[in-house]
Amino acid sequence: MSTSARWFVAVGVAAAMVHVGVFEATRRLLQPEIANLIGFGVAFMVSFYGHRFLSFKDARTSLVTSFGRFAVTALAGLATNEAIFVLVFRVFDWPATLALVGGLLFAAGQTFVLTRFWAFRR
């Protein structure tokens, strides 16, 4: 596994842990779907800076370009995550945290491809 891939996994795990932590801290106060969005917002910054300066530190795009592209990529991942979360939480009645983790895992693959080949193009 390349250094870039190892950093991608490490940053992704860190961002996912932040996402789940914020979700758990807010889901009893808010609708779970809203808690998921808040968790995403906090984890987004962890993910962007980690990927920009660790996973893809050799990116040839400017910081501003990378941020804009990463935001689009992350929002696509959020859409996938939220759709899967709602489906398995509301329709299949999975526990909220398990539904969130399922959505995060599914969106991770999509995010890697878009991040690697577009947001932080080398």
Side-chain angles (χ1 to χ4, degrees):
M1 181 184 276
S2 71
T3 301
S4 178
R6 283 193 297 273
W7 274 120
F8 185 86
V9 170
V11 170
V13 167
M17 289 172 62
V18 167
H19 191 144
V20 172
V22 171
F23 174 80
E24 286 298 325
T26 59
R27 77 180 174 107
R28 288 172 183 80
L29 303 171
L30 305 165
Q31 291 283 36
E33 294 85 354
I34 302 301
N36 187 21
L37 295 174
I38 293 169
F40 164 81
V42 176
F44 173 84
M45 297 310 292
V46 171
S47 188
F48 174 74
Y49 284 103
H51 289 315
R52 174 64 178 162
F53 296 109
L54 298 170
S55 306
F56 304 107
K57 63 184 175 187
D58 60 343
R60 287 182 281 176
T61 54
S62 71
L63 186 64
V64 171
T65 298
S66 292
F67 186 85
R69 289 179 179 180
F70 186 75
V72 170
T73 299
L75 289 171
L78 173 64
T80 299
N81 166 281
E82 188 77 357
I84 291 169
F85 174 76
V86 169
L87 177 70
V88 298
F89 178 65
R90 296 288 182 196
V91 176
F92 296 113
D93 202 30
W94 285 21
T97 303
L98 185 59
L100 176 65
V101 171
L104 287 172
L105 289 173
F106 193 87
Q110 169 189 313
T111 301
F112 175 77
V113 171
L114 291 173
T115 301
R116 168 66 179 92
F117 296 104
W118 183 59
F120 299 117
R121 186 179 327 152
R122 294 180 173 156

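Position 1 is the first residue of the sequence; numbering continues from there.
Taking 4.5 Å as the limit, some side-chain heavy atom of F56 sits within range of a side-chain heavy atom of F8. Contact check for R52 versus F70: no side-chain heavy atoms found under the 4.5 Å cut-off. Here the side chains of T73 and F48 are not in contact, with every heavy-atom distance at 4.5 Å or above. Two residues are said to be in side-chain contact when any heavy atoms from C-beta on lie closer than 4.5 Å; V72 and W118 meet this criterion.
In the hydrophobic clustering of this structure, L54 does not group with V13; members are Ile, Leu, Val, Met, Phe, Trp, Tyr whose side-chain heavy atoms approach within less than 4.5 Å, directly or through other members. Cluster annotation: F40 and V20 are assigned to distinct hydrophobic clusters (Ile/Leu/Val/Met/Phe/Trp/Tyr, side-chain heavy-atom contacts under 4.5 Å, transitive). By the criterion of side-chain heavy atoms lying less than 4.5 angstrom apart, applied directly or through intervening Ile, Leu, Val, Met, Phe, Trp or Tyr residues, I34 is grouped together with L29 in one hydrophobic cluster. Both V88 and V91 are members of a single hydrophobic cluster when ILVMFWY side chains are connected at heavy-atom separations under 4.5 Å. A chain of hydrophobic side-chain contacts below 4.5 Å, direct or via other Ile, Leu, Val, Met, Phe, Trp or Tyr residues, connects F44 to Y49.
Between atom CG of residue L30 and atom CZ of residue R28 there is a gap of 12.0 Å, rounded to the nearest 0.5 Å. Expressed to the nearest 0.5 Å, how far CG of L37 lies from CG of N81 amounts to 9.0 Å.
Residues passing the side-chain hydrogen bond (donor to acceptor under 3.5 Å, both in side chains) test with T26: none are found, sequence neighbours excluded. Applying the ring-ring contact (aromatic ring centres under 6.0 Å, His included) test to F23 and every residue at least two apart in sequence or in another chain returns F85. Listed by chain and number, the residues in a salt bridge (charged side-chain N to carboxylate O under 4.0 Å, His left out) with R69 amount to none (sequence neighbours excluded).
The minimum heavy-atom distance linking F89 with P95 is given by the pair CD1-C, 4.2 Å. The two residues S4 and S55 make their nearest non-hydrogen contact at OG-O, 2.7 Å. Scanning all heavy atoms of the two residues, the minimum distance from A15 to A43 falls at O-CB, 3.3 Å.
Pairs of residues two or more places apart, or lying in two chains, that qualify as side-chain hydrogen bond (donor to acceptor under 3.5 Å, both in side chains) and include a residue from residues 84-108 are E24-T97, E33-R90. Judged as a side-chain hydrogen bond (donor to acceptor under 3.5 Å, both in side chains), the pairs with a partner in residues 10-19 (not counting sequence neighbours) are, in order, H19-N36.
Crowding of F53 atom CZ: a count of heavy atoms from other residues, nucleotides or ligands under 6.0 Å exceeding 12. Within a 6.0 Å sphere centred on CE of M45, other residues, nucleotides and ligands contribute more than 12 heavy atoms.
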Scan the side chains in residues 98-114 for donor-acceptor partners under 3.5 Å anywhere in the protein, sequence neighbours excluded, and list what turns up.
residue	atom	partner	partner atom	Å
Q110	OE1	T80	OG1	2.6
Q110	NE2	A76	O	3.0
Q110	NE2	T80	OG1	3.4
T111	OG1	A107	O	2.8

